[in-house]
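Residue numbering restarts at 1 for every chain, and letters A, B, ... go by the order of the sequence lines. Owing to the predicted nature of the structure, the values given are computational and were not obtained by experimental measurement.
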There are 2 protein chains.
Amino acid sequence: MKLATLKDGSRDGQLAVVSRDLKTAAIADAIAPTLQRALDDWQFMAPQLNELYDQLNTGRAIRAIDFDPHNCMAPLPRAYQWADGSSYVNHVELVRRSRNAAMPESFWREPLMYQGGSDDFIGPTDDIVAMSEDWGIDFEGEVAVITDDVTMGSTPEQAAGHVRLLMLVNDVSLRNLIPDELAKGFGFLQAKPATSFSPVAVTPDELGMAWRDGRIHLPLRAAWNGKQVGQPDAGVDMVFNFPQLIAHLAKTRNARAGSIVGSGTVSNKDARRGYTCIAEKRALEMLEGGAPATAFMRFGDTIRIEMLDTSGKSIFGAIDQKVVQGEVPVSR
Amino acid sequence: MKLATLKDGSRDGQLAVVSRDLKTAAIADAIAPTLQRALDDWQFMAPQLNELYDQLNTGRAIRAIDFDPHNCMAPLPRAYQWADGSSYVNHVELVRRSRNAAMPESFWREPLMYQGGSDDFIGPTDDIVAMSEDWGIDFEGEVAVITDDVTMGSTPEQAAGHVRLLMLVNDVSLRNLIPDELAKGFGFLQAKPATSFSPVAVTPDELGMAWRDGRIHLPLRAAWNGKQVGQPDAGVDMVFNFPQLIAHLAKTRNARAGSIVGSGTVSNKDARRGYTCIAEKRALEMLEGGAPATAFMRFGDTIRIEMLDTSGKSIFGAIDQKVVQGEVPVSR
């Protein structure tokens with residue numbers, strides 16, 4: 001099934017079931033008010049939500065409404081955990097090589113993962129707000145899963161059973177703030193502003209055979225200012241699959257229901273597949289010509305991230321955002 | 001006022017108001033079911049909670065119950081954000097010097113802060129669970145604030161008005177996992193297992209004159225296996241105060257209601273004040289004798305962290321935990 005969270009003026013929004021073709025939606029308030037509440041008791045809630053989904057797909061849902069991604073918050077507008085891996089190690093190696101930083105061999109054997117801020121996610125068509133273009137505003141196209149409760153010490157095999165939903169991510173990065181933060185060793189804080197997610201989160205069965213080996217075997221499409229810049233296959237060159245990423249996260253602690261685990265920027269070794277973040281394009285330019293030719297995002301720029309099934313239909317709906325300048329808060 | 005979250009079998013527990021002397025409590029269900037809900041609408045909720053607090057302190061509360069810290073979850077059993085600073089730079093310098101790592105001069109000018117996991121906090125008397133003593137289990141005594149909504153780009157002066165509650169923290173660290181994670185640059189993930197907090201969170205006014213300059217001017221007491229090992233003054237050598245830490249966090253993004261911001265391990269330059277984490281003791285031993293003499297925590301060890309007011313009364317109640325060995329999850 002497909003689930004969305006609609007804007008209703010509240011912090012957590014309103015849970016809705018969305019039809020497979022992304023055309024209609026049904027408010028799920030008779031089942032669960034929010035997606036977090038559904039995840040908190042998934043075994044009980046999911047069958048009821050799925051029944052509503054069946055009704056919606058067959059035109060039997062009472063009070064179906066038109067589905068509009070502009071009314072969407074992130075499926076989880078705020079979450080208790082957002083842990084993002086760097087599973088497409090090709091991306092990591094490229095970017096590091098371009099700045100003459102050697103990549104430890106261990107990066108191929110053990111996942112790299114950072115704990116991200118999760119208190120203020122933004123919707124799929126919400127603006128990307130930054131104070132300055134000098135921050136080096138970049139998009140990052142990713143895929144992510146939402147888990148239910150994962151017990152400390154779970155193996156990848158055990159973790160695999162806890163993937164409940166999948167989403168697309170735009171893990172916006174402020175590239176010019178990253179070097180200083182990485183040098184401190186304490187991870188990203190200011191370099192990772194509000195993250196956005198696709199209009200809907202879907203259960204693994206929606207992907208059919210494209211969901212296998214703990215990976216999504218479909219291209220992730222990124223279009224920057226209307227121009228397609230990348231369509232790497234998310235199932236290719238993903239060194240650590242989602243069960244491995246979840247097990248890594250849960251090695252020393254429990255991961256609780258509603259934990260979002262990201263793949264890192266999707267990237268293929270085959271450079272003809274293009275890029276889903278500008279940093280990678282710039283890295284290639286530096287390696288080829290000694291200097292980057294492509295600038296980061298400007299105010300007014302747009303970024304669209306989407307994934308189509310093999311018949312060309314959008315699975316998650318599109319992340320489609322514009323970069324705008326923020327305002328300095330007025331003193332109070 | 002003083003607020004606690006009582007265990008009731010649910011994920012978020014039951015909000016309760018606790019008397020100033022920590023002897024009685026009153027369930028706040030007629031006002032807000034959870035602390036997060038109160039923080040979501042603090043201007044509306046706080047006066048009502050405060051009225052109940054007044055009734056409780058004057059023996060007028062209906063259905064007052066005995067307050068028992070063993071029934072407490074963390075004040076926020078799960079939170080949307082946990083960002084922990086390293087504001088007692090003395091601690092950072094000592095630990096780095098002991099392993100021959102130079103500390104960048106910038107650490108004195110700009111806060112060091114990591115994004116922590118916040119989906120699975122544990123209560124003040126809950127066990128610290130680890131799979132292996134080889135992980136290097138250590139306590140870390142800290143103070144922390146909970147904010148309401150802080151807008152991106154807020155100054156420290158603006159941020160100061162958003163401190164709603166204060167707590168004590170045991171930011172448990174797995175020391176032997178830290179070097180590898182720091183070397184990766186992506187921050188702490190496995191090295192920081194579940195964090196615990198004091199039985200109650202208190203509004204700043206509860207601290208009277210001890211809360212000034214954005215710091216808590218009282219000693220933080222740590223007792224390891226019943227022996228007092230540290231009582232550094234939390235108001236001394238805290239290089240960045242809480243408003244500065246919050247402003248640092250909110251530089252490129254909003255920090256939403258219920259964000260927890262920590263001070264980092266409380267540490268004074270005056271070594272006679274002792275230590276609130278073992279790593280610091282070991283660092284001193286290494287600097288003096290070339291090798292650490294004190295081992296990290298063993299299964300069965302206890303740690304008690306508390307703060308008394310000038311008349312010797314406990315403000316937050318005590319964090320009082322035992323280290324136990326975790327069990328490998330059974331396959332399913």
Does any donor atom in the side chain of [X] or [Y] lie under 3.5 Å from an acceptor atom in the other side chain?
X      : Y      : value
A:Q325 : A:E133 : no
B:S263 : B:E142 : no
A:T265 : A:E280 : no

Whatever's closer than 4.5 Å to a heavy atom in chain B on A:P104 counts as neither
*Non-hydrogen atoms of chain B under 4.5 Å away: do they reach the side chain of A:D149, the backbone, both or neither?*
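For A:D149, side-chain heavy atoms alone lie under 4.5 Å from chain B.
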When every non-hydrogen atom of B:S154 is compared with those of A:P329, the smallest separation belongs to N-CG, 3.7 Å
Closest non-hydrogen contact found for A:G136 with A:F296 is CA-CD1, 3.7 Å
Which bit of [X] is near chain A, if near means a heavy-atom gap under 4.5 Å: side chain, backbone, both or neither?
X      : value
B:L174 : side chain
B:R11  : side chain
B:P77  : neither
B:D12  : side chain
B:S86  : side chain

Open item on the list: Check for me whether the distance between the ring centres of A:W82 and B:Y80 falls short of 6.0 Å.
Closed with: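 They do not qualify: ring centres at least 6.0 Å apart.
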Measuring only between side-chain heavy atoms, which start at C-beta, is [X] closer than 4.5 Å to [Y]?
X      : Y      : value
A:D126 : A:K322 : no
B:M103 : B:V89  : yes
A:D301 : A:F139 : no

Top contributor to chain A contacts, counting heavy-atom pairs under 4.5 Å, from [options]:
options                        : answer
B:L189, B:L182, B:T151, B:V328 : B:L189
B:S132, B:G326, B:G116         : B:G116
B:G117, B:A194, B:S106         : B:G117

Ordered numerically, the heavy-atom neighbours of chain A under 4.5 Å found in residues 249-262 of chain B are B:L249, B:K251, B:T252, B:R253, B:N254, B:A255, B:R256, B:A257, B:S259
One should read off an interatomic distance between B:Q190 CD and A:M152 CE, to the nearest 0.5 angstrom, of 11.5 Å
Given A:E327, A:R78, A:Q81, the one with more heavy-atom pairs under 4.5 angstrom with chain B than any other is A:R78
*Ring-face cation of B:K184 near B:F186 (centre distance under 6.0 Å, axis angle within 45°)*: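 Relative to the ring axis of B:F186, which defines the angle, B:K184 lies outside at least one limit.
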